[in-house]
S.K.: 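Here it is, the structure in full.
Heavy atoms only: backbone and side chains are in, while hydrogens, waters and symmetry mates are out. Convention: sequence-line order gives letters A, B, ...; per-chain numbering from 1.
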There are 2 protein chains.
Amino acid sequence: MLSYTEENYLKAIYHLAQGGTKAVLTNEIAEMLNTKAASVTDMIKKLSGKNFISYEKYYGVKMTRQGKSEALSIIRKHRLWETFLVQKLQFNWDEVHDIAEQLEHIQSPLLIEKLDAFLNYPKADPHGEPIPDRNGKVQVQAHGCLHEQTLGYKGCIVAVKDSDATLLKYLNKIGATPGKKIELLNKEAYDESLEVLVENKKLSLSKPVAQNILVSLTTR
Amino acid sequence: MLSYTEENYLKAIYHLAQGGTKAVLTNEIAEMLNTKAASVTDMIKKLSGKNFISYEKYYGVKMTRQGKSEALSIIRKHRLWETFLVQKLQFNWDEVHDIAEQLEHIQSPLLIEKLDAFLNYPKADPHGEPIPDRNGKVQVQAHGCLHEQTLGYKGCIVAVKDSDATLLKYLNKIGATPGKKIELLNKEAYDESLEVLVENKKLSLSKPVAQNILVSLTTR
DNA sequence: ATATTTTTTTAGACCAGTCTAAACTTTTAT
DNA sequence: ATAAAAGTTTAGACTGGTCTAAAAAAATAT
């Protein structure tokens, strides 16, 4: 069984590798976990000793099949708990991240199955991120960055990249939350800000905000 | 903020002191937490340094007002989570202890308030134990040991002393769970086993089982 | 191609929590 | 009253996770 800390490292590495097999560097991990490179090196050795990652000195780490599976199980728990907090306990969308960060480490496969059933097998969490199934399969909705869409684009907000609390609060306030319909009306040349229509309300989004909003793409 | 371990010690000491100010011995704590006396001594020093308990060498520890309040907050969380698991996730009464043992350490006062509301402010957990309110007040239902009741006693099962999984499973199987009406029909002189009526079903309970069942007393 | 900068690793230390073994108190038995 | 037994504390060591400072490797600049 993995420790609390090992689980956090695994999750961080998975996210940095963008789910794929991309190599991840020591400093990236250190920054994400607010720790020092030396600590990361230690943990990396431990985790590769347990075959969750493969490690070549000075060249960073890659996740193994086993590591990915473990990371997905943690992500599944995180997203199910977030869904619970919003749907059942009436939390706001932007308040749940830190609590789910704790809940994701609770050890009980049965609990997670029952929670999943209680929530009626949700496909995505309140931020629009897909919830892996019990076998670690992720159903991906094709999506792209709002900032990169062409004028006249119409679709839905599916997710927000950054989980920074102030960004989430802001988006919540202006009503730009996952699931909402969105239309791209105009791009301002000067600061690259966007004028958009969210559920019939006109909004202006700055470049850094638009870059963090992911929207649905119709696969053709 | 208290560590996971500190919280567990505090809870154990509270239970051993039976909520009161009774002094608790080092070995008792060690046994309850499956640890060694030497480890307990170390932790005791730490906890008394933080004013959660008062400590006199060789004479055991007593909880301070602060310590009690902290312990009650953990117990409140534990019992609310147990209630959630049984009422909402359809767990059996006897499966929830270990999971609640983990969940009770989640840090978020707001979460507990919302959970309490979601469960409709329950007064007791599925084992019949009272749930302390947010200020640490416990509403006690007068109760006594089934084994000590006189012939013809009529009342309700309010709780089970021992939280051992095999005992809980057994009681669940025979239907002797908290909340159920119970009547004492007979005492067998030879082995001190009891013949009882639980919701109109005749059952025979051995002495060690009957000693662990707490039943309601009408205060006169 | 070599020097400089950046990144990563190693070495050694620290903290929390645990343990064993030995020393010390208190209690119990005679 | 004293010896033996039981319970508690201390001393010192270990593990998991962290850190700083120094050494080593890789990337970059000239």
S.K.: Compute both the distance and the angle, then confirm whether Lys88(B) meets the cation-pi test with Phe118(B): under 6.0 Å from the six-membered ring centre, within 45 degrees of the axis.
M.R.: yes
S.K.: Over how many whole Å does the gap from Lys36(A) atom NZ to dT20(D) atom P extend?
M.R.: 4 Å
S.K.: Please check if the distance between the ring centroids of His97(B) and His78(B) is under 6.0 Å.
M.R.: yes
S.K.: Taking only side-chain nitrogens and oxygens of Ser39(A), does any of them come within less than 4.0 Å of OP1 or OP2 of dT18(D)?
M.R.: no
S.K.: For Tyr58(A) and dT5(C), give me the distance from atom OH to atom P, rounded to whole Å.
M.R.: 19 Å
S.K.: Could you check whether Lys114(B) makes a cation-pi contact with Phe91(A), meaning its NZ or CZ is under 6.0 Å from the centre of the six-membered ring and within 45° of the ring axis?
M.R.: yes
S.K.: Roughly, in whole Å, what's the span from CG in Leu25(A) to C1' in dA27(D)?
M.R.: 12 Å
S.K.: Heavy atoms under 4.0 Å, any strand shown: does Thr5(A) hit a base, just sugar-phosphate, or nothing?
M.R.: sugar-phosphate
S.K.: On DNA chain D, compare the nucleotides closest to Glu28(B) and Asp42(A); which residue's is nearer the 5' end?
M.R.: Glu28(B)
S.K.: Could you check how far CD of Glu7(B) sits from P of dA16(C), rounded to whole Å?
M.R.: 16 Å
S.K.: Would you kindly compare Ala37(B) and Tyr4(A) by the position of their nearest DNA chain D nucleotide and give the one closer to the 5′ end?
M.R.: Ala37(B)
S.K.: Ignoring backbone atoms, test whether Tyr55(A) places a side-chain nitrogen or oxygen under 4.0 Å from the OP1 or OP2 oxygen of dT9(C).
M.R.: yes
S.K.: Please pick, from dA27(D), dT26(C), dT9(C), the nucleotide with the shortest atom-to-atom distance to any side-chain atom of Tyr59(B).
M.R.: dT26(C)
S.K.: Find out whether the Lys NZ or Arg CZ of Lys45(B) is both under 6.0 angstrom from the six-membered ring centre of Tyr55(B) and within 45° of the ring's axis.
M.R.: no
S.K.: Return no unless some side-chain N or O of Asn27(A) is found under 4.0 Å from OP1 or OP2 of dT6(C).
M.R.: no
S.K.: Checking Glu113(B) against Arg76(B) for the salt bridge (charged side-chain N to carboxylate O under 4.0 Å, His left out) test, could you report, in this order, the C-alpha distance in whole Å, the side-chain angles of both residues, the deciding distance, and whether it holds?
M.R.: CA-CA 11 Å; Glu113(B) 286 315 302; Arg76(B) 169 172 161 80; 3.2 Å; yes
S.K.: Please report, rounded to the nearest Å, how far the P atom of dT18(C) is from the CE atom of Met43(B).
M.R.: 6 Å
S.K.: Could you tell me how far apart Met1(A) (CE) and dG16(D) (C1') are, to the nearest whole angstrom?
M.R.: 14 Å
S.K.: Return the value, rounded to whole Å, for the distance between atom NZ of Lys45(B) and atom P of dA11(D).
M.R.: 8 Å
S.K.: Tell me whether the OP1 or OP2 atom of dC19(D) has a side-chain N or O from Thr35(A) closer than 4.0 Å.
M.R.: yes
S.K.: So if I take every side-chain heavy atom of Lys57(A) and compare against dT9(D), dT9(C), dT18(D), which nucleotide ends up nearest?
M.R.: dT9(C)
S.K.: For Leu47(A) and dG16(D), give me the distance from atom CG to atom C1', rounded to whole Å.
M.R.: 13 Å
S.K.: Measuring to OP1 and OP2 of dT9(D), would you say a side-chain N or O of Thr26(B) lies under 4.0 angstrom away?
M.R.: yes
